[in-house]
Protein chains: 2
Amino acid sequence: MTSRRGDGNIQPQVDRVAEARRVLGSLRIDRSSTAERVADALRELIMRGEMPPGMPLREHQLVELLDVSRNTIREAFRLLSRERLVVHHLHRGVAVRQLDEDDIHDIFRTRRPIELMAIEYSATAPRRSLLELLALVEQAEEAADRDDWEHVATMDIVFHQRLVELIGSERISAFFRIVHTELRLVFGIVERPPDLFARFVPRNRRLAELLLAGERATATSELEAYLDEGERLLTRGVRVLFSGSDAVDS
Amino acid sequence: MTSRRGDGNIQPQVDRVAEARRVLGSLRIDRSSTAERVADALRELIMRGEMPPGMPLREHQLVELLDVSRNTIREAFRLLSRERLVVHHLHRGVAVRQLDEDDIHDIFRTRRPIELMAIEYSATAPRRSLLELLALVEQAEEAADRDDWEHVATMDIVFHQRLVELIGSERISAFFRIVHTELRLVFGIVERPPDLFARFVPRNRRLAELLLAGERATATSELEAYLDEGERLLTRGVRVLFSGSDAVDS
DNA sequence: GACGGGTAGTTTGTTGAACAGTATGGTACC
DNA sequence: GGTACCATACTGTTCAACAAACTACCCGTC
């Protein structure tokens with residue numbers, strides 16, 4: 001790390017590396033397999049709600065549609081089922097994941113203990129992380145002002161993802177990314193009033209402020225209220241939806 | 001659900017169903033794909049430590065060894081990578097997962113908040129579940145008496161799995177099964193004195209007894225001591241191991 | 001001797017075709 | 001109404017082939 005040349009030429013090696021990093025940093029080469037890109041495309045469709053839950057994904061159909069081989073499609077299916085976006089039944093193929101009331105209950109039963117514990121961990125988190133939470137809330141508020149509920153929903157999820165990341169466990173964070181993806185699936189399905197997510201924004205603001213103030217006991221009850229309300233609203237949302245459709249699971 | 005025949009022939013339908021269930025209940029038909037069975041076989045080998053961490057799994061080699069097609073092997077690889085037993089690198093294939101010191105640290109950073117929260121949830125858990133924890137400890141003690149350290153390790157993991165299941169979240173339970181599998185991977189690698197797991201047994205006993213007594217504050221500190229000791233011992237175990245080998249990740 | 005370049009061999013990624021086995025829906029029959 | 005049979009659609013699995021990427025090795029150059 002020390003310069004081995006004359007004074008007129010300080011750290012040429014490091015300079016060149018830094019230069020290269022600066023120039024090449026922007027360009028990003030696609031290093032993904034076809035199966036991954038197929039999975040990306042399908043993920044996009046599923047998350048946007050273009051493919052209704054329960055809809056079977058036929059291999060042959062996708063082969064013609066995407067112009068890739070059957071094996072590649074099947075590999076993409078495996079990737080998606082790892083994220084629980086589709087379910088796989090032997091000899092019956094895969095279908096878009098369909099969450100029922102029990103799933104929502106379990107999702108919140110998952111969020112509750114972990115997010116509550118994240119509040120405890122906020123005690124030792126760097127102040128910068130807590131300020132970032134507040135910044136996310138402000139982004140959500142701006143989005144709400146211009147009626148961009150899609151973005152409000154995204155910010156809500158990112159907020160709680162960041163909250164969980166305060167724990168500092170890479171595994172828990174990755175696990176929560178999947179749980180939050182499932183939650184997004186529900187968002188896409190649910191019959192929702194446009195202000196569904198608007199109700200969460202002020203709660204998140206209060207939560208962020210309480211964490212910054214170090215008032216974790218109050219933050220805990222605020223979070224519990226948030227989760228209770230969220231579960232209630234979403235459960236009601238899917239309940240009006242499940243009138244004549246059947247569930248697919250595993 | 002009601003009998004539609006005469007009185008001499010009460011609920012013949014139900015009787016026949018019950019009879020059939022009794023007779024057929026014992027026999028279990030193999031409803032798994034070839035890929036799953038291949039994955040099972042490989043999982044067994046990996047968990048038993050037969051395949052050292054970092055060892056590359058060549059498709060062609062396994063095709064000849066197991067007499068299945070390459071595609072099926074690849075499908076099995078996907079299943080295993082979902083459980084994080086192998087890692088997959090594009091164009092480089094898969095290799096047996098190799099955990100380093102950071103992984104162990106992260107595993108315990110994962111266990112700590114969730115298991116601590118499980119203690120809180122033990123307050124509302126049925127007494128039967130807590131008694132089952134105690135029964136598991138007794139099994140471990142018996143195994144320790146006959147120097148069956150393999151089984152002691154298993155019982156330790158099952159104990160903590162059951163503890164986490166007190167939370168009642170199917171997703172958290174499934175997540176922890178994977179984390180515990182990773183932990184087993186470490187067990188298989190680590191240079192361990194035979195009494196490594198023996199030290200955990202009395203701790204687990206105390207833990208179970210404290211939970212039954214409802215003394216959760218004390219149980220919390222007991223669990224923290226257990227986790228601190230576990231992390232310390234395992235970290236030391238892998239540290240003596242990593243002298244000249246290289247890590248594979250992602 | 002370190003470095004870069006070419007080259008051959010190995011391994012993976014992907015395709016396409018084929019066949020067997022399983023689910024599904026319908027129709028005829030009792 | 002229930003059962004058996006049949007045709008169809010789709011999945012699970014195998015096999016052969018080729019392109020692309022990685023690895024290792026040799027070789028000449030500085």
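For the numbers below, each heavy atom of this structure counts, side chains included, while hydrogens, waters and symmetry mates do not. To find a chain, count down the sequence lines: A is the first, B the second, and so on, and within it residues start at 1.
Remark: P of dT8(D) and CZ of R58(A) are 18 Å apart, rounded to the nearest angstrom. Residue E59(B) contributes atom CD, which lies 14 Å from atom C1' of dC15(D) at whole-angstrom precision. Atom NE2 of H91(B) is separated from atom C1' of dT12(C) by 7 Å (rounded to the nearest Å). Atom NE2 in H89(A) sits roughly 13 Å away from atom C1' in dA23(C) (whole-Å rounding). Between the CZ atom of R31(A) and the P atom of dT12(C) there is a distance of 15 Å, given to the nearest Å. The separation between H60(A) atom NE2 and dA18(C) atom P is 14 Å, rounded to whole Å.
At a threshold of 4.0 Å, the pair E150(B)-R184(B) counts as salt-bridged, since one of the basic side-chain nitrogens sits closer than that to a carboxylate oxygen. A salt bridge between E132(B) and R128(B) is absent, with no side-chain N of the basic residue lying under 4.0 Å from a carboxylate O of the acidic one.
Side-chain atoms of R162(B) never come within 3.5 Å of backbone atoms of L133(B) as a donor-acceptor pair (strictly under, hydrogens ignored). Listed for the S81(A) side chain is no donor-acceptor partner under 3.5 Å among the backbone atoms of R84(A).
Contact check, H88(B) against dG13(C): a side-chain N or O comes under 4.0 Å of OP1 or OP2. Contact between the side-chain N/O atoms of T34(B) and the OP1/OP2 oxygens of dG12(D) is not found at any separation under 4.0 Å.
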For residues 166-174 of chain B, run the donor-acceptor check on the side chains, cut-off 3.5 Å, and write out each pair with its distance to 0.1 Å, sequence neighbours left out.
unit_1, atom_1, unit_2, atom_2, d
S169(B), OG, T110(A), OG1, 2.6
S169(B), OG, R171(B), N, 3.4
S169(B), OG, I172(B), N, 3.1
E170(B), OE2, R177(B), NH2, 3.4
R171(B), NE, E182(A), OE1, 2.9
R171(B), NH1, D106(A), OD2, 2.8
R171(B), NH2, D103(A), OD1, 3.2
R171(B), NH2, E182(A), OE2, 2.9
S173(B), OG, S169(B), O, 3.0

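Of all nucleotides listed (dG12(D), dT12(C), dT14(C)), dT14(C) comes nearest to the side chain of S33(A).
Side-chain atoms of T181(B) and R43(B) include no donor-acceptor pair closer than 3.5 Å.
Near DNA chain C, meaning a heavy atom under 4.0 Å away, the residues from residues 62-79 of chain A are V68(A), S69(A), R70(A), N71(A), T72(A).
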